[in-house]
Structure formats: structure tokens, C-alpha cells
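Step one of this worksheet: look at the structure below.
Every chain is numbered from 1 and lettered A, B, ... according to where its sequence line falls, protein lines coming before strand lines.
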Amino acid sequence: MVQRLRVRYAKRGRLRFTSHRDISRAVERAVRRADVPVAFSAGFSPHPKISYVGAAAPTGVASEAEYLEIGVTRECDPDRLRADLDSSLPPGLDVLDVVAATAGSLADRLECSAWEIRLPGADPALAGKAVESFNAAERIEVERLTKKGMRRFDAREAVLDLHAIEGGETTAGQASGQSCVILRMVVRHATPAVRPDDVLTGLRLVADFAPPSPPEVTRLAQGPLDVRIGGPADPFGLDRDATRGGETGPVGEHVDGDL
Amino acid sequence: MSVESLFPRLEALLPKVSKPIQYVGGELNSTVKDWDEATVRWALMYPDAYEVGLPNQGVQILYEILNELPETLAERTYAVWPDMEALMRAEGVPQFTVDAHRPVRAFDVLGLSFSTELGYTNMLTALDLAGIPLEAAERGDDDPIVLAGGHAAFNPEPIADFLDAAVLGDGEQIAIAITEVIREWKAEGSPGGRDELLMRLAESGGVYVPRFYDVDYHADGRIQRVAPNRSGVPWRVHKHTVMDLDEWPYPKKPLVPLAETVHERFSVEIFRGCTRGCRFCQAGMITRPVRERSITTIGDMVEAGVKASGFNEVGLLSLSSADHSEIGDIAKGLADRYEGTNTSLSLPSTRVDAFNIDLANEFSRNGRRSGLTFAPEGGSERMRKVINKMVTEEDLIRTVTTAYTQGWRQVKLYFMCGLPTEEDADVLGIADLAKKVIQAGREATGSRDIRCTVSIGGFVPKPHTPFQWAAQADHETVDRRLKALKDALRGDKEYGRAIGLRYHDGKPSIVEGLLSRGDRRVGRVIRAVWEDGGRFDGWSEHFSYQRWMDAAAKAGVDVDWYTTREREENEVLPWDHLDAGLDREWLWQDWQDAVNDVEVEDCRWTPCYDCGVCPTMGTEIQIGPTGRKLLPLTVV
């Protein structure tokens with residue numbers, strides 16, 4: 001492996017219903033169709049060196065900011081790779097940005113996520129009140145079934161910002177003319193992860209607020225917490241700075257972590 | 001009349017169901033055509049879950065061929081899981097296609113591909129969800145023609161009341177012919193409505209329209225005769241055979257799903273038909289004669305298919321793939337071409353023969369070396385003579401020994417239980433054979449790290465085979481023999497732990513037997529099972545034997561009469577008016593030979609034994625060698 005590329009991709013529209021496993025198969029095939037010189041692990045059952053960074057957006061949740069890394073055996077131009085990979089993936093799985101990895105672990109930079117939750121048909125006044133109560137609370141215990149069984153944890157502390165805005169545009173699955181509440185929030189990554197549905201559970205617990213139809217959730221961004229903007233900054237910033245400054249050593253020198 | 005997409009209504013249901021991606025469509029290489037520009041529209045259904053149905057070759061081939069025709073469109077639909085069915089009923093969302101999410105009832109034809117009879121209840125769910133009357137007689141001019149194909153359509157009688165039509169054999173050419181009949185009829189302003197369209201299809205001789213045939217019964221329940229009930233309808237309907245597979249190189253662009261499916265590979269049929277003459281094998285009987293695809297076409301299809309799909313596994317399909325006259329060159333040529341690309345090749349359905357190990361070594365060169373599977377089918381020498389599976393114990397031991405010494409650690413052996421004339425000793429013979437396999441493997445390798453898995457399927461007598469007259473073993477007998485086999489293996493200290501045993505209980509085979517050799521009276525049972533909630537009968541977690549028995553009792557259908565009863569030579573069988581090309585007298589003779597342990601050679605390499613197919617169908621065996629080789633791929 002001579003180079004590692006960091007990829008930001010989106011899952012949009014109908015393809016928000018893909019699971020993480022679905023995406024990983026689709027990416028593997030797209031890499032083959034696009035003739036990306038992907039490196040393979042050695043051994044009895046070789047696997048392409050593609051690793052997914054951070055917690056994947058759950059099945060049914062759209063995202064503008066998912067991340068993966070690809071190890072390649074021949075140096076690739078990031079812009080070319082972005083275009084090739086994007087055209088090999090089905091529309092809806094869209095490659096947005098590719099950089100050559102420099103120092104540091106990308107996973108460590110994904111400190112928080114910005115989310116948008118659209119609630120078609122929800123009452124704006126009730127939503128506003130529920131958000132107020134949520135923000136006023138110190139601690140909100142929620143329960144969710146995780147891989148390790150039913151877990152009880154605080155859904156409040158990790159939420160750095162939560163506010164409601166009123167949206168007028170219609171979305172799929174919504175009758176036209178209906179109101180739509182939009183919640184925006186920034187959540188720090190923690191264990192167990194506080195997900196948008198945990199926040200919705202929290203809103204129900206503190207204010208008995210329940211949206212009338214399934215929420216449409218989108219992850220807008222992930223990255224290191226930028227206190228000036230109160231949300232995630234671009235996690236590729238460091239890689240781009242390093243490349244621009246020409247400070248990188250031999251390719252791959254600073255690569256750490258195991259693909 | 002334009003048709004709107006159901007997707008906005010469906011989308012609201014997706015967050016509430018398991019594996020929602022299966023309903024979304026948008027697979028790579030899928031096609032959405034303009035509704036209004038098409039004059040003939042097909043909805044193609046594989047009546048099982050998406051994960052099973054999507055990889056189906058038959059559906060993919062017809063989908064591509066029909067969509068290549070001008071003014072014709074084809075979309076796909078699959079059985080929805082019960083959680084989705086409940087939501088669709090609650091919200092009034094009808095059965096939809098996954099391509100453009102159009103309502104199935106809006107299409108001209110609903111074509112169903114039945115690989116197995118266990119999809120019948122799923123057909124009823126789809127019809128009901130689509131808003132199409134279950135009984136063909138109740139359908140009107142606005143309903144699609146419900147058309148069945150696939151191997152189970154060689155006896156469509158149990159679902160005759162639910163079908164408008166059925167076709168036998170290869171679908172490529174007849175699907176196009178049907179399209180043209182419909183196009184012409186529509187262009188004329190649909191004269192005579194549905195009845196005339198069906199009549200035109202029946203008159204063509206290539207489409208079976210059950211309603212144009214009456215079945216009379218003897219007082220004892222046997223069929224007296226099946227006869228056309230109007231003039232112009234042929235007495236017998238013949239199967240279709242595509243003679244030159246090189247002219248039909250489909251699928252060209254395989255569908256690549258986002259959802260996980262049962263076969264994640266690009267498959268190419270390397271030949272159709274099989275003349276090995278295994279007497280239990282319906283596929284081998286009804287797909288004759290053997291027609292090979294040439295080595296160069298296979299090479300071209302693999303190259304294009306891998307490029308278009310990104311799959312990292314290629315399956316070379318047929319009923320006995322190692323029998324292709326140039327399989328050695330195909331294997332080596334493909335392995336050379338894909339050297340160093342982590343593309344693996346697989347060859348399902350191979351015979352017990354040391355030559356296969358060389359092939360398997362070739363095939364695993366670029367990919368993963370998993371296990372090898374061989375199918376002796378019968379546990380004793382006598383049993384194998386009865387079923388005409390010409391494998392000696394010596395062949396088998398030699399083959400697996402070669403496999404073990406060349407580094408294969410896991411060998412799977414496939415057998416059947418409940419075969420005609422079978423006795424307890426024949427099944428116990430499987431245990432002896434498995435022990436000998438392990439012993440030979442240990443001796444040859446000097447290692448105790450040798451495993452074999454014995455996998456056992458229940459035998460079901462099938463129409464158009466020499467065993468179509470045979471009594472099916474009752475499930476108590478099958479279960480008793482399987483238990484004895486299990487005890488013999490588990491109790492063995494020396495070998496027991498090296499041998500895995502996989503089997504199912506005998507009850508599902510009885511239901512399959514009822515549906516395989518049933519007649520029109522069995523349709524009532526299918527409907528009653530479906531009304532009682534029967535769905536996904538091919539899935540053990542959904543299948544209920546009791547539900548089928550209760551429904552049969554309620555419908556006054558004697559299951560034993562259809563399954564465990566041996567038929568006489570002159571009994572009219574429900575499928576006698578459907579012609580797979582096999583001479584009935586030859587089938588009977590072969591049945592008699594079976595009972596007398598007489599074997600029949602493969603007619604590819606020995607003289608014709610007059611099964612009847614070639615002269616009746618005007619076909620002939622088409623095999624190589626062509627003498628050509630696969631050249632290395634040139635990198636552009």
C-alpha cells in the first residue's frame with residue numbers, strides 16, 4: 001500500500017434505506033468497476049483495504065458526511081478518484097470529497113455530528129416548547145436496544161446545541177401544504193452514541209412531544225468540534241493544509257492506525 | 001393512461017419494515033422506461049423474497065430481453081415480507097414493481113417464474129395485494145394476463161384456476177412471441193377482450209391456457225381425460241427450446257443489488273440440458289437436449305458481466321458443469337485472465353470425478369478455497385443404480401482422497417432419502433460411505449484435520465421423470481431412516497466428530513409432493529392454506545405442515561392419494577397433455593429399468609436411447625469442442 005485516501009460520501013434520498021453492510025458491498029463493487037488499484041489484505045481470504053471511519057448513520061437516516069479510507073497500491077489523484085468512484089456508485093451514494101491522508105487518525109477528528117430532523121406535520125409551537133424543556137434539563141435518561149442489549153443512558157449531556165426552525169418546503173412522504181418542523185442539533189460522539197432518535201425519545205419524555213409521522217433525519221456534517229462555530233469543522237482540513245504546505249514526508253510515512 | 005409511482009406512499013412505510021432497501025429498486029443495470037411509450041408492459045415476478053428472487057437468472061434474462069424490445073417495458077416485483085404486507089394492507093398500497101414502483105395491476109402481463117412449487121402461496125398474496133382476482137375466471141379486461149413459467153410450470157395444474165396461461169421451457173423466444181401477439185391484439189383495439197387474447201395465445205401452440213381444457217375424472221378419483229373444450233386449441237402444448245445459446249448471450253448486464261442476496265456473483269450458463277439420465281432429476285429430463293454455449297461466448301460474457309457488475313465471483317452454471325466439452329480450457333483460460341485480481345470462479349453441480357479436483361484447483365487460484373461438493377445422491381451401490389447415478393464407491397473415495405491431498409480440508413457430500421425401492425440399509429450406507437471418506441482422507445494426508453459434511457434432501461417424485469409413477473415415501477419412514485443414520489454417525493467414536501450431518505424432517509417434502517404431482521383439485525388446498533395465513537412456504541420459519549394438512553382435510557383432498565400412492569402405467573397423469581418431449585413409453589421403460597437396477601449411459605457419448613426429445617422437438621445435441629482458446633484480456 002503506497003497511499004491512503006480519505007473519502008467523504010453522502011447517502012441521499014431512497015438510498016438512505018441502505019444499511020452499513022449494503023454500503024460496504026456497494027463500495028467494494030464500485031471500487032472494482034472504477035479500476036481503483038485497491039490494496040488487499042494478505043492471507044487465506046484477502047479483503048480490500050477499505051475501512052469505515054466513525055459511527056455509520058443508521059439505516060433509514062440520510063447523511064451528507066460519511067467517511068471511509070481506501071488503501072491503494074499505486075498513487076492516485078484524489079480528484080480523479082472522486083469522480084471515478086462517484087460515477088461507479090449508484091445515484092444517491094455520492095462521493096463528495098477525497099483527500100490523500102496525511103498525519104493523524106481521521107477517526108480521532110470525528111468528535112461531533114450536526115444533524116437535521118424534519119418532522120412533517122408536527123406542531124411548531126409544541127416542538128418549540130419541547131426543545132426548551134429539553135435544553136433546560138440537566139439529564140434525560142433514555143433506553144435503547146443496542147448490540148449489547150437494552151441500555152439506559154443520558155441523552156442530554158452530549159447534545160451541545162438543539163433548536164427548532166420552521167420549514168415550509170414539502171418532502172417526500174408528506175402531503176403538500178402540511179407544516180414541517182425542522183430540528184437542528186450538534187451532538188458530541190460518546191459511548192453509547194446519542195443518536196437523533198434518542199433525542200426524539202428525550203423530547204417525548206420531557207414534554208410528551210411525539211411527531212405524527214416518521215421523522216426524516218439527515219447527518220449534515222461530522223468533524224472536530226469548532227468552538228467558534230459551535231459545531232463540526234471540516235475533518236479534512238489538516239490533510240489539505242499539509243498538502244498545500246508541501247509538508248508531507250514520503251507518502252504513507254505518517255499513516256497510523258490499522259486498515 | 002399514465003400510471004403514477006407508488007413510491008411516495010411506500011416511502012412512509014419503509015422506516016417501519018425490516019430490510020427496507022429491498023423495496024427501493026435502483027439496482028445497477030436496472031431499467032426504467034417511459035410508461036406511455038410502451039405498448040406492451042410486463043411485470044416479472046419471482047414469487048419469493050427479494051434476496052432470493054433478485055439473483056434468479058430466468059427473471060434477469062427475460063427482463064433484459066424484453067426491455068431491449070422497442071415499445072416494450074418490463075419491471076420486476078417480488079414477494080413482500082409479512083411485515084410489509086400488513087402495512088400495505090393497512091395503508092391500501094398495492095403490489096408494486098421495484099423498478100418504477102408502478103402498480104402490478106396496471107401491466108399487461110404478470111409473468112411468474114416458478115422454480116419451486118413452494119412459491120404458490122406467495123403468488124396469491126401478490127395477486128391479492130395487486131387487486132387482481134385470485135381466480136382467473138373472475139378477471140376482467142383491466143387485469144393483467146397471469147402467466148407462469150419455470151420448472152414448476154411443467155405441471156401447472158394445481159394452480160390452473162389462478163393462471164391465465166403457462167409456458168414450458170426456455171423463455172427467451174416465447175416471451176418475445178407473446179409480446180407480439182399482445183401488441184397486435186392491442187393495435188387492433190383489443191377485439192374480443194381477454195377471451196380472444198387468450199385464444200390467440202393458445203392457438204399459437206406455444207402457450208397453455210388451462211381454461212380451454214376440461215378435466216374429467218373417474219369415480220375413483222383418477223383422471224379420465226383432459227381435452228380442449230373449444231376448437232383451435234391444441235391437444236398437447238409443447239415446451240420451448242432455444243437451440244443456439246450463443247445467439248442469446250444473456251444476462252449481458254447483471255443486476256447488482258444494494259441489498260444482500262443469496263448469490264452475490266455473476267452467473268453464466270455454460271450449457272443447458274443434461275443427458276446423464278439421473279432418474280430423480282426433473283431438470284435433467286425437461287431441459288433436454290444438451291446445448292453448449294461456446295468457450296468464446298462464455299469468455300465474452302464473463303468479461304462484460306464482471307466489468308458491468310463489479311462482482312468478484314463468477315459462477316459457471318449448468319446442471320453438470322464439468323461436462324462441458326471444453327471445461328478444462330474454460331477453467332484455465334478464465335483463471336489466467338483473472339490472475340491477481342481476486343476474482344474467484346465457482347462451478348456448482350459437478351460430478352464425482354478426479355478431473356474435478358483439477359478444475360477446482362484452477363478455479364480457486366485467484367480467490368478463496370472453500371469446500372468441494374459432490375453428489376453421490378444414493379448411499380448404496382444398488383440405490384445409485386436405481387436412480388442411474390453412475391458413481392461407484394471407488395470413484396468417490398479416489399476423488400475425495402485427491403481433494404484432501406491437494407489441500408482441500410472440507411468436502412460436502414449430498415444424498416437423498418426416500419428414493420424408490422429404498423430400504424433402511426441404503427440410508428445407513430451413507431454413514432459407511434462417510435466414514436470411508438474420512439478414513440481415506442486421514443490415510444492420504446497423515447492428518448486428522450479432515451472433515452466432511454453429509455447433506456440430505458428428501459426425495460420428491462416429479463412430473464416428466466421416470467419416477468413420476470413412483471410412491472413417495474411417507475414422512476414417518478424418512479424421519480425414521482434419518483434418525484437411524486444420525487445415531488450411526490453420532491455414536492461413532494472414531495469418525496463421528498469428523499462428519500457433520502445436515503438434513504430436514506420429511507414433512508415439507510410431502511407438501512412439495514402434493515403440489516408437484518397434484519391436479520386441479522389441489523388448487524382448493526393452496527387457496528385454503530393462503531387464506532389461513534400461509535406464506536413463504538419455502539422458509540422453515542414460515543412453513544406449517546399442520547396448516548397444509550388441515551386445509552387438505554377441509555377441501556376433501558386425500559394427501560396420501562397424491563403422494564404415497566404408486567401410479568399404474570395407463571393412469572392419465574395431470575400433466576400428460578403438456579409435452580416436455582419425453583416419450584411416455586421410454587419414461588415407463590426407464591422406470592421399469594430403475595426397479596430392476598438397470599443403468600442407462602449418457603447419450604452425449606453413447607448411442608441414442610430414444611428418450612424422444614430430439615425427434616419430437618426437432619432439436620439435437622449441440623456440443624463442442626470448438627478447439628478455440630480464451631486469449632488474455634487486453635488492457636485498454
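A cation-pi arrangement, defined by a distance under 6.0 Å to the six-membered ring centre and an angle within 45 degrees of its axis, is present between Arg76(B) and Tyr63(B). Annotation: cation-pi pair Arg14(A)/Phe7(B) present, NZ/CZ under 6.0 Å from the ring centroid and within 45° of its normal.
Listed here is the closest heavy atom pair of Cys76(A) and Gln3(A): N-OE1, 2.7 Å.
When heavy atoms are compared at a cutoff of 4.5 Å, Glu264(B) approaches chain A by way of both its backbone and its side chain. Proximity to chain B (any heavy atom under 4.5 Å) is shown, for Thr18(A), by both the backbone and the side chain. Only the side chain of Leu93(A) has a heavy atom closer than 4.5 Å to any heavy atom of chain B. Residue Lys19(B) does not touch chain A at all, counting heavy-atom pairs closer than 4.5 Å. At a 4.5 Å heavy-atom cutoff, the contact between Leu14(B) and chain A is made by backbone and side-chain atoms alike. Arg25(A) touches chain B through its side chain: at least one heavy atom from C-beta onward sits under 4.5 Å away, while N, CA, C and O do not.
In the model, Asp99(B) has no side-chain atom that pairs as donor or acceptor with a side-chain atom of Ser30(B) under 3.5 Å. Tyr9(A) and Asp97(A) form no side-chain donor-acceptor contact under 3.5 Å, judged by distance and modelled atom types alone.
Of the listed residues (Ala308(B), Gly25(B), Ala259(B)), the one with the most heavy-atom contacts under 4.5 Å to chain A is Ala259(B). Of the residues considered (Val24(B), Val256(B), Leu258(B)), Leu258(B) shows the highest number of contacts with chain A, using heavy-atom pairs under 4.5 Å.
Looking at Asp94(A) and Leu89(A), their side chains never come closer than 4.5 Å, going by heavy atoms from C-beta outward.
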